[in-house]
Amino acid sequence: MTNEHAHQRVDAVASATVSRFYVTTPIYYVNAAPHIGHAYSTIVADALARWHRLLGEDVKFLTGTDEHGLKIAQAAEAKGLTPQAFADSIAPTFKTAWQRLNIANDDFIRTTEPRHRASVTTLLQACYDAGDIELDVYRGKYCVACEEYYTDDELDDGYCRIHKTPVDEYEEENYFFRLSRFEQRLLDWYDAHPSAIVPEFRGNEVRGFIKGGLRDFSISRTSIDWGIPIPWDTRHVTYVWFDALTNYLSAVGYGADDAQYRKWWPVDYHVIGKDIIRFHCVYWPAMLLSAGVEPPRGWAVGGWLLFGGEKISKTAGNIVNPLDLIDDIGVDGFRHYVLAETPYGADGDFTVEGLTARYNADLANNLGNLVSRVATVVGKKCGGVGPAPAADSALSQVAADAYAATAAAWATVQPSRALEATWSLIRATNAYLEQHEPWKAEPGPTLDRVLGDALEVLRIVAILASPSIPDAAQAVWERIGLTGRVEDQRLPSAATWGGYASGAAVIKGEPLFPRR
Ligand code: MSP
């Protein structure tokens with residue numbers, strides 16, 4: 001079999017078994033305009049989705065807005081609007097922000113859509129029929145910002161630990177989800193799926209919560225009417241978290257479109273922040289187990305983006321609008337910063353100095369320099385025509401190792417490690433150029449070989465970096481004379497050494513990443 005035939009066969013086998021990848025962001029409350037805390041989880045999920053598209057998987061990437069509940073009703077009232085009109089005014093600001101940040105979501109769900117109401121109704125009914133939802137009276141302290149009841153020992157002197165605001169006293173008749181019945185089932189499930197939560201230490205934390213004992217939680221309210229009615233008792237509306245979590249099912253046709261639902265569920269990754277881990281990793285799988293729905297395959301739990309040491313949030317009043325930053329540093333500069341700067345899972349301090357330093361180091365100096373050096377020398381000494389790489393180049397193994405490390409890191413949702421691995425290839429290639437000094441060499445085969453190797457690295461790097469910096473990756477691709485879209489490349493075959501064919505027109509152009 002020739003090499004080409006072998007490739008075709010591999011591709012044919014692969015296409016017969018195309019796997020699908022379903023990834024979600026949290027749905028954001030519409031009480032505030034999008035800020036960089038929201039942008040953070042959205043960019044992580046987007047980059048992950050882009051990586052899986054490169055792997056040739058059939059990807060669904062969902063984001064959206066959370067529009068019911070007391071918090072939204074109060075925010076609407078403060079503006080003198082109905083909750084629906086208020087939500088209608090804010091939801092588009094999320095859509096616009098994501099477009100500007102080059103977020104390639106496949107769907108955007110709003111919890112006020114009919115498709116969502118239908119799925120919530122189905123899920124509630126399934127849990128009720130299973131006997132896991134019962135009526136009871138609730139007295140307790142409630143944080144509206146969290147939309148959560150707390151006991152005294154979960155508060156600091158009556159103040160919410162997350163929002164630092166006083167909580168309110170509530171007493172109402174609520175339906176309760178009997179979470180306490182699920183302790184053992186959840187522990188058994190996590191035992192059988194030990195790597196479902198990344199990073200690993202978050203998985204241990206979740207086991208800890210569960211072992212510490214689970215309290216039933218209220219899933220309905222009578223005190224407000226901004227929500228989805230409980231199907232068997234319409235005096236009540238559904239508690240906002242039960243409603244919100246169900247968005248992940250509504251978007252894949254749960255209770256409405258069986259073929260869709262069977263294709264996409266269970267979700268591969270819920271990308272979430274650590275603040276909502278209990279809802280996602282304890283409440284949600286219990287609700288699903290109750291309803292006879294398979295729990296998620298994975299959760300990727302991020303830390304907080306801090307500003308001046310505090311979580312960026314409307315309540316803290318330290319909001320940074322991502323759209324203000326991209327005017328200066330560019331969309332890719334911002335995306336790259338949030339992905340590369342902080343190991344996913346840890347908190348990261350957002351600073352403008354950090355953003356600029358990361359841009360200058362990784363983009364202007366490392367990648368930008370490599371592109372401009374290569375294009376300049378090819379222009380001067382090869383008439384602007386790119387030579388082919390050498391099959392036995394010393395960089396070939398470096399590229400293979402970088403690909404393997406990049407892929408392994410994305411597989412466990414570690415964008416900073418993935419980018420570090422990709423950038424190690426860029427750095428090695430800059431060092432290779434410094435060693436061979438093609439700018440001093442005479443035209444000829446030795447020079448061609450060095451430049452061909454560097455062009456081949458740029459081709460591979462454009463692909464590997466495209467989840468983080470999609471536009472810049474495409475620009476690099478075009479600079480080195482390649483046609484088509486980087487995002488249409490398929491891994492792992494596209495990362496194999498030797499793909500750059502000689503004869504393409506290499507363009508010098510303006511610097512891709514001018515220093516800031
Ligand atoms: N609506 C709920 C989520 C429902 S999901 C079924 C909610 N919304 S939120 O708008 O308050 O925040 C959602 C998520 O945005 C957080 O969990 C977190 O992932 C992200 N972030 C918001 N502020 C953040 C930071 N300052 N840093 C990092 N991410 C944070 O909770």
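Counting begins at 1 with the first residue of the sequence. Counting starts at 1 for both ligands and their atoms, following the listed order.
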Per-residue contact class, Val271 against ligand 1 - non-hydrogen pairs under 4.0 Å:
neither

Is ligand 1 under 4.0 Å from a heavy atom in the side chain of Tyr40, in the backbone, in both, or in neither?
side chain

Short list, please: which atoms of ligand 1 are under 4.0 Å from a heavy atom of [X]?
X      : answer
Leu305 : 25 (C), 26 (N), 27 (N), 28 (C)
His35  : 22 (C), 23 (N)
Ala244 : 6 (C)
Gly273 : 17 (O), 18 (C), 19 (O)
His38  : 10 (O), 15 (O), 22 (C)
Ile272 : 19 (O)
Ile276 : 17 (O), 31 (O)
Asp66  : 1 (N), 2 (C), 4 (C)

Test Phe108 against every option in Thr63, Ile27, Leu62 by the side-chain contact (heavy atoms from CB on, under 4.5 Å) rule and name the one that passes.
Thr63

Any chance you could lay out the ring-ring contact (aromatic ring centres under 6.0 Å, His included) test for Phe177 and Tyr283, step after step, and finish with the verdict?
CA-CA 9 Å; Phe177 181 81; Tyr283 289 20; 8.2 Å; no

With sequence neighbours excluded, tell me which residues meet side chain to side chain contact (heavy atoms under 4.5 Å, CB included) with Gln184.
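Scan of Gln184 (side chain to side chain contact (heavy atoms under 4.5 Å, CB included), adjacent residues dropped) gives Leu187, Asp188.
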
Check whether any side-chain heavy atom of Gln84 sits under 4.5 Å from a side-chain heavy atom of Trp226, and report yes or no.
yes

Does some side-chain heavy atom of Trp232 sit less than 4.5 Å from a side-chain heavy atom of Ile133?
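In short, these two side chains touch, coming nearer than 4.5 Å.
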
I would like to know whether His52 and Tyr269 meet side chain to side chain donor-acceptor pair (under 3.5 Å); could you show each step before the answer?
CA-CA 12 Å; His52 282 268; Tyr269 274 110; over 6 Å; no

Closer than 4.0 angstrom: is that true for some heavy atom of Gly303 and an atom of ligand 1?
yes

With a cutoff of 4.0 Å, is His280 in contact with ligand 1, counting heavy atoms of the residue only?
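Within the 4.0 Å threshold, so yes.
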
Answer yes or no: does an N/O atom from Ile27 fall short of 3.5 Å to an N/O atom of ligand 1?
yes

To the nearest 0.1 Å, how far is atom 29 (N) of ligand 1 from its closest protein heavy atom, and which atom is that?
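Nearest neighbour among protein heavy atoms for atom 29 (N) of ligand 1, to 0.1 Å: Gly37 O, 3.2 Å.
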
Please determine whether side chain to side chain donor-acceptor pair (under 3.5 Å) holds for the pair Ser180 and Asp216, giving the CA-CA distance in whole Å, both sets of side-chain angles, and the decisive distance to 0.1 Å.
CA-CA 5 Å; Ser180 53; Asp216 297 341; 2.6 Å; yes

Option with minimal heavy-atom separation from [atom], where the choices are [options]:
atom                    : options                : result
atom 31 (O) of ligand 1 : Tyr29, Phe94, Phe350   : Tyr29
atom 15 (O) of ligand 1 : Trp304, Tyr28, Trp241  : Tyr28
atom 6 (C) of ligand 1  : Phe307, Phe279, Tyr248 : Tyr248
atom 16 (C) of ligand 1 : Val240, Thr25, Asp275  : Asp275

Just by modelled atom types, is the His116 backbone N or O under 3.5 Å from a matching donor or acceptor in the Ser119 side chain?
no

Donor-acceptor contact below 3.5 Å, side chain Ser290 vs main chain Ala286
no

Geometric class of the Trp423/His336 ring pair [parallel <30°, tilted 30-60°, perpendicular >60°]
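Ring orientation, 0 to 90° scale: tilted.
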
First locate atom CD1 of Ile230, then atom CZ of Arg235, and finally report the distance between them rounded to the nearest 0.5 Å.
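One gets 11.0 Å once the value is rounded to the nearest 0.5 Å.
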
